[in-house]
Amino acid sequence: MDSVKTLCPYCGVGCGLELSPPAAIGRATNRDSQGNPIWRVKGDREHPSSKGHICVKGGTITESLEKDRLKYPMMRDSLDEPFQRVSWDEALNKIVERIQTLRNEQRVDAICMYGSGQFQTEDYYTAQKLLKGCLGTNNFDANSRLCMSSAVAGYIQSLGSDGPPCCYDDLELTDCAFLIGTNTAECHPIVFNRLRKYHKKNRKVKMIVVDPRRTATAEAADLHLAIQPGTDIDLLNGIAHLLMRWGKIDTLFMDDCTRGFPQYAAILWHYPPELVARKCGIRLDELEQAARYWADSERVLSLWSMGINQSSEGTAKVRTIINLHLMTGNIGKPGAGPFSLTGQPNAMGGREAGGLAHLLPGYRVVKNPEHRAEVEQVWGLEPGSISPHPGRDAWSMITGLETGDVGLLWIAATNPAVSMPDIERTKAALRQSPLTVYQDVYDPIETSSYAHILLPAAQWSEKTGIMTNSERTVTLCPQFRPPPGEARADWEIFAEVGRRLGFEREFDFVDAAEVYGEFVQLTQGRLCDMTGLSHERLREGPIQWPCPQGDDGTAHDKRLYTDFRFPTPDGRARFGAFHSNGLAEPTDADYPFVLTVGRLYEHWHTMTRTGRIEKIMKKHPKPFLEIHPRDARKLGIEEGNWIEARSRRGVAYFSVRVTKAIARGTVFAPMHWGALWAKRSEVNALTHSEACPISLEPELKACAIRLIPVRGEEEIESAIEQEFPEPTPVG
Ligand SMILES: Nc1nc2c(c(=O)[nH]1)N[C@H]1C(S)=C(S)[C@@H](COP(=O)(O)OP(=O)(O)OC[C@H]3O[C@@H](n4cnc5c(=O)[nH]c(N)nc54)[C@H](O)[C@@H]3O)O[C@H]1N2
Ligand SMILES: Nc1nc2c(c(=O)[nH]1)N[C@H]1C(S)=C(S)[C@@H](COP(=O)(O)OP(=O)(O)OC[C@H]3O[C@@H](n4cnc5c(=O)[nH]c(N)nc54)[C@H](O)[C@@H]3O)O[C@H]1N2
Ligand code: SF4
Ligand SMILES: [Mo]
């Protein structure tokens, strides 16, 4: 077998990979830590997004594929029983029976599915058709609710549609890169390397990083604004205030292409620089320097991710970034624009396929009657089949379990028993679920403890499907290994359940290519038109959308909105005027520290893969908490000591890292360690579920905590035993 070209299944940069089978490498075959021969990975030089570059995660992906796999469907009647292996028939019949019962009881809205940006587009699409089309409930939500939903809402409200308008070439065409709430160096490394190389070579090009921590990203910047967590809107409005004062605004662009500037300008007067600098906790000259870089640059490119989106005012933050671009005409041209970096490998595909509770395929929304009718027509459903009401978002699935309104929770490709906010409350709600189906790849894994039925899913490399990266480039990921045991592709499982429910015609797909073929029809004439794409076409190489039929992938501009017309009813973009509300849970005397949570370069999320890769675990064996030396001194703690962190909701233990990279009053812990990988070190035991009222994205980036020194691991052991039962992963 020859080498295979595919896409890295980790982050939204979407690097092309080229893999060689073990046999092709001969005696020098790569092996995993258990001695199994594994596929060798290198960067695909022909991939337009990454040009042969990859990071450590992409480079080690094949080391995790075969370990600890869930191979067969498993079932049990209650959570305290052990799982028994069952046949696919038994497992699927149980699910179908449950769905039929809820339908007969007129309770379709008790059926919920919680999916993931790690689905391929075909998985997403099939799930939308099943839930939103055939069953008539919009209760499909994804972990993108915890991730991208503020960016989606901000783009829709400001520009008229979702869709990042920029491309990676802009990284090398900008005069000023404005990175806010993103640790690009660790989380989107190949994007960052490209930017850093260009920045180093061109001394006139400026890089600003806005982050409460001095991250690896901030280290590379000309200007690092270490703002207080949650003061982004103050800062952005403060920069806009100065640009107005200096007359550095593009009135021509605003007059022709936007609406709402006067209302925005009116609130800006409340943000004089002295006040803003004080609120943000930065120096006046730093604020002025940032505004000066904006003012002096022809082309400004903003990059952002979770420091912006995961906030109780996430949509307002996104719109306030876009305001700066509209005010200075920095959109629709090379090297400029508001560029949200997507987290997961196919969160973009999820958005295209309508994979949130308020969306429908083809960048449509549930509330729009024309959109519903268009989708019903392609799906061959009776008019009115799709509900006009947005379904449950991720957190309201949890509260729906608490109130008894959720009768079936089907979770796939996400590990909510670690990644949801307020995890003790989440787990208590999951324990109340009448029936939880969990469709994942590995075993053990934390969420399995809360499931009645486990379905083994085939993962990347074991199924064929499509993923879209942050710059809208679409890549085919072909199957090149067999799935283990009886594992099946997610879309096949959804389609099989659909057929068993009587929707034979709707789900008579023979393969993933056919699913994709139907999906692209729903993008016709939409901003994300992909009618020119098919599996067959994508076998020749990746293509960026829009790509309408007849476009060979080169006919369109790489950027959106180059004609300065926006997909709003009048073609104009909208300013949004927002005051800052600060954090949902401010600090006080009892809980005096802000905890912020993020990621490490080597680890991925809840460690289902990276926790199984030896060299990564060696680098980061245990969870930790970063604290400023002065705060550490006050608490009487030193590097390596253990500390108890307590919020109003829960407690967690960490080993201490003392560093000036974090501001006083703020502490940082990585999100990665769940109950399986460390005892009581779950950051989400501390976080809360307060969310942005528009995007419903929870404020996972900040909560108020207090810190209590503990003597050592023994004291922690006894504290844990008194307070909590042992976490018991299933095997
Ligand atoms: N406090 C705090 N909490 C956070 C965050 C934070 O910054 N702070 N970040 C949030 C964000 S942005 C995100 S995206 C989430 C991520 O949190 P999760 O969604 O829980 O992340 P993962 O650990 O990647 O879980 C993905 C699961 O899918 C499985 N999987 C992989 N491929 C497939 C497949 O093809 N099919 C199936 N069925 N399963 C598959 C993997 O084995 C893994 O168990 O966490 C959120 N939680
Ligand atoms: N190595 C690695 N890479 C990944 C992932 C991974 O798990 N590991 N996950 C992927 C996914 S799904 C996602 S969503 C992305 C996330 O990518 P990023 O958003 O870059 O990652 P985070 O570390 O969650 O958060 C970014 C930064 O936000 C800062 N921050 C916290 N509060 C505030 C605030 O109030 N204002 C501002 N301006 N900044 C703040 C934090 O200090 C942190 O440095 O990464 C993707 N890439
Ligand atoms: S940057 Fe992201 S997509 Fe590229 S190799 Fe690393 S994890 Fe994979
Ligand atoms: Mo994410």
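Atom set for the values below is all heavy atoms of this structure, side chains included, hydrogens, waters and symmetry mates excluded. Order of listing sets the numbers, starting from 1, for every ligand and every atom in it.
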Could you give the side-chain donor-acceptor pairs of residues 662-673 under 3.5 Å, partners two or more places apart or in another chain?
{"residue": "H672", "atom": "ND1", "partner": "H605", "partner atom": "N", "Å": "3.4"}
{"residue": "H672", "atom": "ND1", "partner": "H605", "partner atom": "O", "Å": "2.8"}
{"residue": "H672", "atom": "NE2", "partner": "L600", "partner atom": "N", "Å": "3.0"}

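Using a 4.5 Å cut-off on side-chain heavy atoms (C-beta onward), S449 and K427 make no contact. Between S50 and Y168, the closest side-chain pair of non-hydrogen atoms is not below 4.5 Å. Between M617 and M607, some side-chain heavy-atom pair lies under the 4.5 Å cut-off. A 4.5 Å side-chain heavy-atom check between I61 and W460 finds at least one atom pair inside the cut-off. Counting only heavy atoms from C-beta outward, the side chains of V13 and N469 never approach each other to under 4.5 Å.
Any N or O atom pair closer than 3.5 Å counts here, and R213 shares at least one such pair with ligand 2. Residue contacts with ligand 2: V210 is placed with a nitrogen or oxygen under 3.5 Å of a nitrogen or oxygen of the ligand (distance criterion only). Taking any N or O of I227, backbone or side chain, none lies under 3.5 Å from an N or O belonging to ligand 2.
Ligand 2 places these atoms under 4.0 Å from at least one heavy atom of L600: 1 (N), 2 (C), 8 (N). Within ligand 2, counting atoms from 1 as listed, the ones closer than 4.0 Å to a heavy atom of G230 are 34 (C), 35 (O). Ligand-side atoms of ligand 2 in range of Y601: 1 (N), range being under 4.0 angstrom from any heavy atom. Below 4.0 Å from some heavy atom of P189 lie the following atoms of ligand 3, by number and element: 1 (S). Heavy-atom contacts of E186 reach the following atoms of ligand 2: 1 (N), 2 (C), 3 (N) (cutoff under 4.0 Å). Against a heavy-atom cut-off of under 4.0 Å, D211 is close to the following atoms of ligand 2: 27 (C), 28 (O), 29 (C), 41 (C), 42 (O), 43 (C), 44 (O). The distance from ligand 2 to the heavy atoms of K317 drops below 4.0 Å at these ligand atoms: 35 (O). The atoms of ligand 2 that sit less than 4.0 Å from any heavy atom of P229 are 35 (O).
In this structure, the separation between CD on E492 and CG on D511 is 9.0 Å, given to the nearest 0.5 Å. Here CD of Q128 is found 8.5 Å from CG of L356. Values are rounded to the nearest 0.5 Å.
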Side chain to side chain donor-acceptor pair (under 3.5 Å) evaluation trace for D234 with Q228: CA-CA 10 Å; D234 296 298; Q228 289 292 316; over 6 Å; no
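Not a single donor-acceptor pair under 3.5 Å links the side chain of Y114 to the backbone N or O of T414.
Using a 4.0 Å cut-off between charged nitrogen and carboxylate oxygen, R145 and D393 do not count as a salt-bridge pair. The pair E122-K463 does not count as a salt bridge, with every side-chain nitrogen at least 4.0 angstrom from each carboxylate oxygen. In summary, R488 and E496 do not engage in a salt bridge, as defined by a charged side-chain N under 4.0 Å from a carboxylate O. The pair R680-E424 counts as a salt bridge, with a side-chain nitrogen and a carboxylate oxygen less than 4.0 angstrom apart.
Atom CD of E219 is surrounded by more than 12 heavy atoms from other residues, nucleotides or ligands within 6.0 Å.
Partners of E286 according to the salt bridge (charged side-chain N to carboxylate O under 4.0 Å, His left out) rule, which considers only residues two or more places apart in sequence or in another chain, are R283.
Ordered by chain and number, C8 SG make up the set of protein N, O or S atoms under 2.8 Å of atom 8 (Fe) of ligand 3.
Contacts between L341 and ligand 2 below 4.0 angstrom, taking non-hydrogen atoms only, are absent altogether. Only the side chain of T215 comes within 4.0 Å of ligand 2, counting heavy atoms alone; its backbone N, CA, C and O stay farther away.
Each of Q118, N143, L146, C147, M306, Q310, Q344, A413, T414, N415, S419, Q439, D440, V441, Y442, I445, A457, A458, Q459, K463, D490, V597, R599, W604, H605, T606, T608, R609, M671, N684, T687, L700, K701 has a non-hydrogen atom positioned under 4.0 Å from some atom of ligand 1.
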